[in-house]
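To start, the structure under review is shown below, and the notes come after it.
Naming: A, B, ... by sequence-line order, numbering from 1 per chain. Quantities reported herein were computed from a predicted structural model and do not represent experimental measurements.
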2 protein chains.
Amino acid sequence: MSPDRLSVVFAALADPTRREILVQLSHGSRSVTELAAPHAMSLPAISKHLRVLERSGLIARERAAQWRPCRLQAAPLKEAVDWIGQYRRHWEERLDRLDDYLQELQAKSGQPTRRKSRAS
Amino acid sequence: MSPDRLSVVFAALADPTRREILVQLSHGSRSVTELAAPHAMSLPAISKHLRVLERSGLIARERAAQWRPCRLQAAPLKEAVDWIGQYRRHWEERLDRLDDYLQELQAKSGQPTRRKSRAS
DNA sequence: TTTGTAATTAACCAAAAGGTTAAATAGGAA
DNA sequence: TTCCTATTTAACCTTTTGGTTAATTACAAA
């Protein structure tokens with residue numbers, strides 16, 4: 001069921017090897033062999049990781065002779081960061097305290113815990 | 001092989017149902033049944049999603065009578081956003097242009113495409 | 001043309017993910 | 001106690017993921 005772009009991007013980021021590859025690419029274009037070097041796994045395994053990254057839009061590949069250099073495409077990272085951004089206020093501003101207090105009140109006020117409008 | 005925290009958080013975010021649940025929780029604490037209501041899937045399925053979210057540290061659960069209200073825990077989102085943040089300059093500042101140009105130069109200059117220091 | 005290097009594809013495998021239904025557990029209410 | 005509601009656990013199934021080795025393709029250079 002064609003997963004949405006955001007899911008594909010987060011899934012691509014959910015693997016340490018792939019995140020490491022992105023770090024490598026943040027310093028410039030690299031060939032597949034160069035990317036594979038630091039990782040303790042076979043070339044085909046890296047090739048699969050690159051395909052995942054490519055499908056997610058996080059990298060692009062050119063063709064130069066027998067090499068297929070990869071380069072970073074950061075645009076999808078902005079989408080990801082924007083999505084997470086909706087929660088910024090939840091970890092900033094130290095309203096965590098207040099929040100906890102309100103949750104506590106709701107939790108003890110009988111019914112499950114409903115929407116704000118019913119909280120009082 | 002105990003996956004790192006960041007992988008676990010990104011994996012938790014890589015599912016639209018779970019992201020939707022986080023949106024629901026951003027408006028306040030909710031019971032499992034309340035969270036399940038908008039989703040076209042069984043309660044056990046939602047229960048599994050909640051376990052994934054809990055293990056990732058993105059939600060916490062209390063106990064109130066027979067309900068297990070969930071609430072958002074945004075701290076791991078900050079870690080995620082901080083990691084992605086290293087790439088901010090790659091999508092901002094319109095140095096994409098310059099970047100592409102440099103990549104092009106490297107790609108055509110014979111050898112694969114090595115580190116910056118060898119590019120000239 | 002032959003040889004060597006870069007990278008992908010094919011075939012396979014085990015484990016994890018995401019869903020189902022049916023059964024079990026926990027606690028409030030009658 | 002008995003019954004009802006909330007939620008989880010168990011057992012199962014299918015698809016996806018992440019890895020392997022062996023074979024294949026693509027190209028440059030000798």
[X]: what forms a side-chain contact (heavy atoms from CB on, under 4.5 Å) with it, not counting sequence neighbours?
{"X": "B:A11", "answer": "A:A14"}
{"X": "A:V8", "answer": "A:P3, A:S56"}
{"X": "A:A65", "answer": "A:W67"}
{"X": "A:A60", "answer": "A:R71, A:Q73"}

To the nearest 0.5 Å, atom CG of B:D15 lies from atom CG of A:L6 at 11.5 Å
Tabulated below should be each protein N or O lying under 3.5 Å from an N or O of nucleotides 26-30 of chain C; please produce it.
from: C:dG28; atom 1: O4'; to: B:Q66; atom 2: NE2; distance (Å): 3.4

Task: Pairwise 5' ranking along DNA chain D for B:I46 and A:A40, keeping only the more 5' one - done: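 Checking each residue's closest nucleotide, the 5'-ward one belongs to B:I46.
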Run the side-chain hydrogen bond (donor to acceptor under 3.5 Å, both in side chains) test against [X] and tell me which residues pass, sequence neighbours left out.
{"X": "A:R19", "value": "B:D4, B:S7"}
{"X": "B:E20", "value": "none"}
{"X": "A:R5", "value": "A:E79"}

Residues of residues 7-22 of chain A with a heavy atom under 4.0 Å from any atom of DNA chain C, listed by number, are none
Atom pair distance, as rounded to whole Å: [atom1] in [X] and [atom2] in [N]:
{"X": "A:R30", "N": "C:dA6", "atom1": "CZ", "atom2": "P", "value": "16 Å"}
{"X": "A:R55", "N": "C:dT8", "atom1": "CZ", "atom2": "C1'", "value": "13 Å"}
{"X": "A:L43", "N": "C:dT9", "atom1": "CG", "atom2": "C1'", "value": "13 Å"}

To check you understand the geometry: which heavy-atom pair defines the closest contact between A:A12 and A:R18, and what is its length?
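In terms of heavy atoms, the two residues are closest at O-NE, 2.8 Å.
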The complete set of salt bridge (Lys or Arg N to Asp or Glu O under 4.0 Å) pairs with one or both residues in residues 37-54 of chain B, sequence neighbours excluded, reads B:E54-B:R61
Readout for nucleotides 9-15 of chain D: B = base within 4.0 Å of protein heavy atom, S = sugar-phosphate only, - = neither; 5' to 3' it is B-B----
OP1 or OP2 of C:dT20 sitting under 4.0 Å from any side-chain N/O of B:S42?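 So the side chain of B:S42 is within the cut-off, an N or O lying under 4.0 Å from OP1 or OP2 of C:dT20.
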The side chain to side chain contact (heavy atoms under 4.5 Å, CB included) partner of B:L53 among B:L72, B:L13, B:V9, B:L22 is B:L22
